[in-house]
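A short worksheet on the structure shown next.
Note on naming: letters A, B, ... go to the chains in the order of the sequence lines (proteins, then strands), and numbering restarts at 1 for each one.
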Amino acid sequence: MVRTRFAPSPTGFLHVGGARTALFNWLYARQNGGKFILRIENTDEKRNTEEAYKVIYDGLNWLGLDWDEGPDKGGLFGPYQQSERSAIYEKYLAVLEAGGHVYEDGGAIRFRSPRKPVIVEDIVCGRIEFDMSNPATHPDMTIRRPDGSWIFHFVNVVDDIEMQLTHVIRGEDHLSNTPKHVELYQAIGATPPKFAHIPLILNHEGKKLSKRDGGSSITYFLDLGYTPEAVANYLCLLGWSPGANRELLPLSEILSLFDLAGINRRNAIFDLDKCFWLNGQHILHMSLERFEELALPFVEKAGVPFGTTEALRPALAIVKPKVKHLSDVPDWIGFLFTEEFPFDPEAVTKSLCKPGAGDRLQALGSALSGLSDWTHPAIEARLKETAVALGVKTGELVHPARVAVSGRSVGPGLYEMFEVLGKERTLARFERARGMAA
RNA sequence: GACCCUAUCGUCCAGCGGUUAGGACACCGCCCUUUCACGGCGGUAACACGGGUUCGAAUCCCGUUAGGGUCGCCA
């Protein structure tokens, strides 16, 4: 039975690198019918707020990564937060003491390295031999502070043993720590899990992605209106490829194609542009129902007076193929639900104030007023007939009409806007715009 | 500094001894078109360097250089 884990420290911040580590662990567990465990590494008491836990839960849930055991879910191997596992650590410390593997040093307890070469067989990085003979570069690690609190390396290994993890999939920044961990496994008399160290995510300067970098936090994507499907898709593309030049894929398909051994060893630079593109693609291809589900919170938060979800649906339908961020949706649909929408001065100058624009708008209005079939194709046909009758290019009608109806020069398709708005409101807006027109 | 990992277009990913070195993002043209998108077509752009091995290296080996990581009583 495969058992993997994500073991974040509750810092109040879910790093995209952490999210990707979680994703890879989740994928591997799920595709092998195994268990995915969430363990909170908070040996440092300060990092223990409810809010910090929530950030982790929310981030994982948002990405669609569910866990089988964790602080909130329980499980056979709990507790799942290190602050509550001290008795277990005491027990393992006793084992090390009995084996003569530890000694005291200034009140702290250190593990005495056997000083033998350690071989790590890594699924991603291959076979690596570490020379542990030099105490200067491989000092005996401290496992417990004088105040009794525990150090990461020790509790991490103990928990992985106790929780019966079979695979440790983590960032490559831990590769150099792995021989230390293996020494601990051996001293305890446990078989080490399989290791897979995945490449790091770097910023545009090629440095480890830090908190200061845009897009380093999962909340960044949540707030800007990225879809979880796009972010998960993008994240798994960093260091891994589904092959066949494929890139745009749903999580369900990633699940069937994912392969731990196929992960490369190169650190990857995070490219927001590509993530952005992927987001637009996922929005474009998702169902309208899913789009509604994702967009609704943004629309509500912005206070768009859409009335009922039934009324909102057609509006969402016409912006879905265009919008790249969920957070853009309110701006893109707001004018459909109020007469108080703003007019972009530049658009007014450019289209409405053009000589003859008012007359053309009036002509279009009267042509459209006789139209009984108020649907996109019929509206389009009538507008084009009108252009021909007036002897002007279609654009001469389209541009002023767009501004009259939406206040801006960029937006959903014109005929779609007319259709959603309905005849009365469309024509009324024409009338109003004539007041601004030349 | 020591140790570990890495090295293909600006970026991500293919390639795993013989390819006109492929795809995607970004960028630049053109087409489609009611704007913006979407879509289509085309273009610019890469095997870090030096030695080997081989009939033949982006692919294998060694070195150099560069980048990253680790060397905590942080996690």
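The shortest distance between side-chain heavy atoms of L294(A) and M286(A) falls below 4.5 Å. In this structure, the side chains of F195(A) and C125(A) stay at 4.5 Å or more apart for every pair of heavy atoms. Side-chain contact check for F24(A) versus I263(A): some heavy-atom pair is nearer than 4.5 Å. Two residues are said to be in side-chain contact when any heavy atoms from C-beta on lie closer than 4.5 Å; I37(A) and W67(A) fail this criterion.
Base pairing analysis places rU19(B) opposite nothing; no Watson-Crick or G-U wobble pair with both distances below 3.5 Å involves it. Under the Watson-Crick or G-U wobble criterion, with both distances below 3.5 Å, rA14(B) is left unpaired in every strand shown. Base pairing of rC73(B) is not made with any nucleotide, judged by Watson-Crick or G-U wobble geometry with both donor-acceptor distances under 3.5 Å. Pairing for rA46(B) is absent, judged as Watson-Crick or G-U wobble with the two contacts each under 3.5 Å. Base pairing of rG56(B) is not made with any nucleotide, judged by Watson-Crick or G-U wobble geometry with both donor-acceptor distances under 3.5 Å. Nucleotide rA66(B) forms a Watson-Crick or G-U wobble pair with rU6(B), both donor-acceptor distances falling under 3.5 Å. Pair check for rC38(B) finds none; no Watson-Crick or G-U wobble contact set falls under 3.5 Å.
Among the heavy atoms of the strands lying under 4.0 Å from S241(A) are primed sugar atoms or P, OP1, OP2 only; no base atom is included. Counting any heavy atom pair closer than 4.0 Å across all strands shown, N177(A) reaches a base atom. Among the protein residues, D105(A) comes within range of the nucleic acid bases, having at least one heavy atom under 4.0 Å from a base atom.
Rounded to a whole angstrom, the distance from the P atom of rA14(B) to that of rG51(B) is 29 Å. Comparing the same atom, C1', in rG50(B) and in rG42(B) gives a spacing of 38 Å after rounding to whole Å. Atom name P, nucleotides rU59(B) and rG1(B): the rounded distance is 28 Å, in whole Å. Across rU11(B) and rA48(B), the matching P atoms stand 12 Å from one another, rounded to whole Å. With both ends at atom P, the span from rU8(B) to rG68(B) equals 15 Å, rounded to whole Å. Between rU33(B) and rC27(B), the distance separating the two P atoms is 24 Å to the nearest Å. Rounded to whole Å, the separation between the P atoms of rC28(B) and rC36(B) comes to 14 Å. Taking atom P on both nucleotides, rG39(B) is separated from rA24(B) by 11 Å, rounded to a whole Å.
For the 3.5 Å distance criterion, the side chains of H197(A) and H174(A) fail to qualify, holding no donor opposite an acceptor.
In this entry the distance linking NZ of K180(A) with P of rA75(B) reads 12 Å, nearest Å. Whole-Å rounding puts the D122(A) CG to rG69(B) C1' distance at 14 Å. For the pair L202(A) CG and rC13(B) P, the interatomic distance rounds to 11 Å; values are reported in whole Å. As rounded to whole Å, 13 Å separates atom P of rG69(B) from atom CD of E205(A). Between N203(A) atom CG and rC12(B) atom P the separation is 12 Å, expressed in whole Å. Distance L175(A) CG to rC3(B) C1': 11 Å, rounded to the nearest Å. When rounded to the nearest whole Å, the span between CG of N134(A) and P of rC71(B) equals 15 Å. L278(A) places its CG atom 19 Å from the P atom of rG23(B), with the value rounded to the nearest Å.
Of the candidate nucleotides rA24(B), rC73(B), rC4(B), rA24(B) has the atom lying nearest to any side-chain atom of K274(A). For I269(A), whose side chain is taken as the heavy atoms from C-beta onward, the closest listed nucleotide among rC12(B), rC25(B), rC5(B) is rC12(B). Side-chain atoms of R266(A) lie closest to rU8(B) of the nucleotides rC13(B), rC71(B), rU8(B).
For the pair R408(A) and D344(A), the salt-bridge criterion is not met [side-chain N within less than 4.0 Å of a carboxylate O]. A salt bridge links R115(A) with D140(A): the distance from a Lys NZ or Arg NE/NH1/NH2 to an Asp or Glu carboxylate oxygen falls below 4.0 Å. Under the 4.0 Å criterion applied to side-chain N and carboxylate O atoms, K322(A) and E416(A) are not assigned as salt-bridge partners.
Although no hydrogens or angles enter the test, the distance criterion places a donor-acceptor pair under 3.5 Å between the side chain of H15(A) and the main chain of L209(A).
Positionally, the nearest nucleotide of RNA chain B for C125(A) lies more toward the 5' end than for the other of D271(A) and C125(A). Residues E129(A) and H174(A) both approach RNA chain B. Their nearest nucleotides, taken by heavy-atom distance, put E129(A) toward the 5′ side.
When the side-chain nitrogen and oxygen atoms of N264(A) are compared with OP1 and OP2 of rC13(B), one or more of them lie within a distance under 4.0 Å. OP1 or OP2 of rA75(B) lies within a sub-4.0 Å distance of a side-chain N or O belonging to T43(A).
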Let me have a per-nucleotide readout for nucleotides 33-41 of chain B, 5' to 3', with B, S or -, counting only protein heavy atoms under 4.0 Å. -BBBSSS--

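Residues F337(A) and F335(A) place their aromatic rings such that the two centres sit no closer than 6.0 Å.
A cation-pi arrangement, defined by a distance under 6.0 Å to the six-membered ring centre and an angle within 45 degrees of its axis, is absent between R5(A) and F77(A).
Of the residues in residues 142-156 of chain A, those placing a heavy atom less than 4.0 Å from an atom of RNA chain B are T142(A), R145(A), P146(A), W150(A), I151(A), F152(A), H153(A), in numerical order.
Residues passing the side chain to side chain contact (heavy atoms under 4.5 Å, CB included) test with N134(A) are A136(A), T137(A), sequence neighbours excluded.
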